[in-house]
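In this text the structure is predicted, and so the values were computed from the model without any measurement. Sequence positions, counted from 1, serve as the residue numbers for this chain.
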Amino acid sequence: MGDDNVVEAEDRTITVESSFAGYQEAVQDRDHKFLSRAVEEAYKGVECGDGGPFGAVVVRNDEVITSCHNMVLKNTDPTAHAEVTAIREACKKLNRIELSECEIYASCEPCPMCFGAIHLSRIKRLVYGAEAEAAMAIGFDDFIADALRGTGFYQKAHLEIKKADGGGAAIAQQVFEKTKSKFTMY
């Protein structure tokens with residue numbers, strides 16, 4: 001790792017660049033290959049009427065574990081986004097809930113729910129194609145990009161959010177204390 005350079009981009013993301021000639025081109029070619037597969041899934045989902053134009057591919061060691069598209073309409077399930085569906089399928093296929101050896105390629109910037117699923121599955125790398133604004137331009141919820149970037153207040157969701165108090169809050173809190181010895185997450 002002595003020949004690697006830590007680089008901070010204008011958008012404040014940090015990457016490690018290898019000084020190996022051709023490294024960036026190889027990464028770009030690899031990313032393009034898997035991202036193209038995610039985009040193909042997006043087209044496939046729309047063509048067969050399963051859902052919106054979103055696709056996702058989960059990859060481990062340069063092997064596609066699963067390739068999925070949005071299934072919201074087919075499954076009558078608002079959580080069946082491409083990324084969530086791909087994570088569910090990858091977990092089943094690998095028989096584990098932790099995907100730390102995997103990467104996910106998404107045709108579009110993930111919504112907060114999908115980003116949450118990516119985070120909770122411990123996927124090590126996310127590569128996405130289109131920005132959320134592309135989805136917003138054709139009518140998908142326009143608070144998604146603001147929510148992801150921490151600039152919105154979910155005002156367009158028309159959702160009242162209230163934390164319970166009193167006995168309801170106490171018994172909900174107790175479930176964690178009373179069950180902590182019965183499971184191990186990771």
Side-chain angles (χ1 to χ4, degrees), residues 7 9-18 22-150:
V7 177
E10 286 181 30
D11 64 359
R12 299 183 59 176
T13 57
I14 297 175
T15 59
V16 177
E17 277 185 344
S18 173
Y23 173 78
Q24 287 297 349
E25 292 82 10
V27 169
Q28 286 174 345
D29 288 347
R30 182 179 175 282
D31 286 351
H32 180 76
K33 173 179 136 182
F34 293 125
L35 189 56
S36 294
R37 178 98 176 252
V39 170
E40 288 171 16
E41 277 291 338
Y43 280 116
K44 180 179 169 184
V46 171
E47 288 171 14
C48 64
D50 288 346
F54 304 95
V57 176
V58 175
V59 175
R60 181 176 71 171
N61 299 327
D62 288 336
E63 177 189 344
V64 172
I65 302 301
T66 187
S67 181
C68 297
H69 55 264
N70 183 290
M71 301 288 283
V72 168
L73 299 176
K74 181 176 184 175
N75 294 350
T76 319
D77 177 359
T79 69
H81 291 195
E83 299 91 335
V84 171
T85 302
I87 289 167
R88 287 174 181 158
E89 293 299 317
C91 287
K92 284 180 196 172
K93 188 171 183 179
L94 297 173
N95 195 31
R96 57 191 317 171
I97 62 169
E98 179 266 325
L99 302 173
S100 64
E101 298 173 355
C102 298
E103 302 167 274
I104 191 164
Y105 291 81
S107 62
C108 187
E109 183 176 10
C111 73
M113 176 185 70
C114 292
F115 185 78
I118 291 165
H119 170 74
L120 290 172
S121 67
R122 305 296 192 252
I123 286 176
K124 68 179 177 181
R125 185 168 182 254
L126 159 67
V127 177
Y128 68 88
E131 291 185 345
E133 287 79 5
M136 292 164 29
I138 63 168
F140 287 89
D141 287 347
D142 58 355
F143 77 91
I144 290 173
D146 284 342
L148 266 177
R149 296 178 185 124

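- Residues satisfying the side-chain hydrogen bond (donor to acceptor under 3.5 Å, both in side chains) test with R60, not counting sequence neighbours, are none.
- With E109 contributing its side chain and A132 its backbone, the two residues share a donor-acceptor pair below 3.5 Å.
- Within a 6.0 Å radius of NZ in K74, no more than 12 heavy atoms belonging to other residues, nucleotides or ligands are found.
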In sequence, state the C-alpha distance, the side-chain angles, and the governing distance for R30 and V59, and then conclude on side chain to side chain contact (heavy atoms under 4.5 Å, CB included).
CA-CA 11 Å; R30 182 179 175 282; V59 175; 4.0 Å; yes

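- Remark: side-chain polar atoms of N61 are not paired, donor with acceptor, to backbone N or O of E63 under 3.5 angstrom.
- With sequence neighbours excluded, no residue forms a side-chain hydrogen bond (donor to acceptor under 3.5 Å, both in side chains) with N95.
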Under 3.5 Å donor-acceptor pairs involving side-chain atoms of residues 37-48, not counting sequence neighbours:
unit_1: E41; atom_1: OE1; unit_2: H69; atom_2: N; d: 3.4
unit_1: E41; atom_1: OE1; unit_2: H69; atom_2: ND1; d: 2.7
unit_1: E41; atom_1: OE2; unit_2: S67; atom_2: OG; d: 3.0

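- Annotation: the span from I118 atom CD1 to Y128 atom OH amounts to 11.0 Å, rounded to 0.5 Å.
- Every side-chain hydrogen bond (donor to acceptor under 3.5 Å, both in side chains) that R96 has, sequence neighbours left out, goes to E98.
- The nearest pair of heavy atoms linking L126 to A106 is CD1-CB, 4.4 Å.
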Derivation and outcome, side chain to side chain contact (heavy atoms under 4.5 Å, CB included), residues S121 and V58
CA-CA 11 Å; S121 67; V58 175; over 6 Å; no

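- Electrostatic pairing of K33 and D62 does not count as a salt bridge here, judged by no charged N lying under 4.0 Å from a carboxylate O.
- In this structure, Y105 and R125 have side chains that are in contact, with non-hydrogen atoms separated by less than 4.5 Å.
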Contacts table for residues 83-90: side-chain donor-acceptor under 3.5 angstrom, sequence neighbours left out:
unit_1: T85; atom_1: OG1; unit_2: A80; atom_2: O; d: 3.4
unit_1: T85; atom_1: OG1; unit_2: H81; atom_2: O; d: 2.9
unit_1: R88; atom_1: NH2; unit_2: T79; atom_2: OG1; d: 3.2

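- Listed by chain and residue number, A130 satisfy the side-chain contact (heavy atoms from CB on, under 4.5 Å) test with A134 (two or more places apart in sequence, or in another chain).
- Using a 4.5 Å heavy-atom threshold, the side chains of I104 and P110 count as separate.
- Here the side chains of P53 and I138 are in contact, with some heavy-atom distance below 4.5 Å.
- Between C102 and I123, the closest heavy-atom pair is O-CG2, 3.4 Å.
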For E103 and V127, what are the C-alpha separation, side-chain angles and deciding distance, and is it a side chain to side chain contact (heavy atoms under 4.5 Å, CB included)?
CA-CA 8 Å; E103 302 167 274; V127 177; 5.6 Å; no

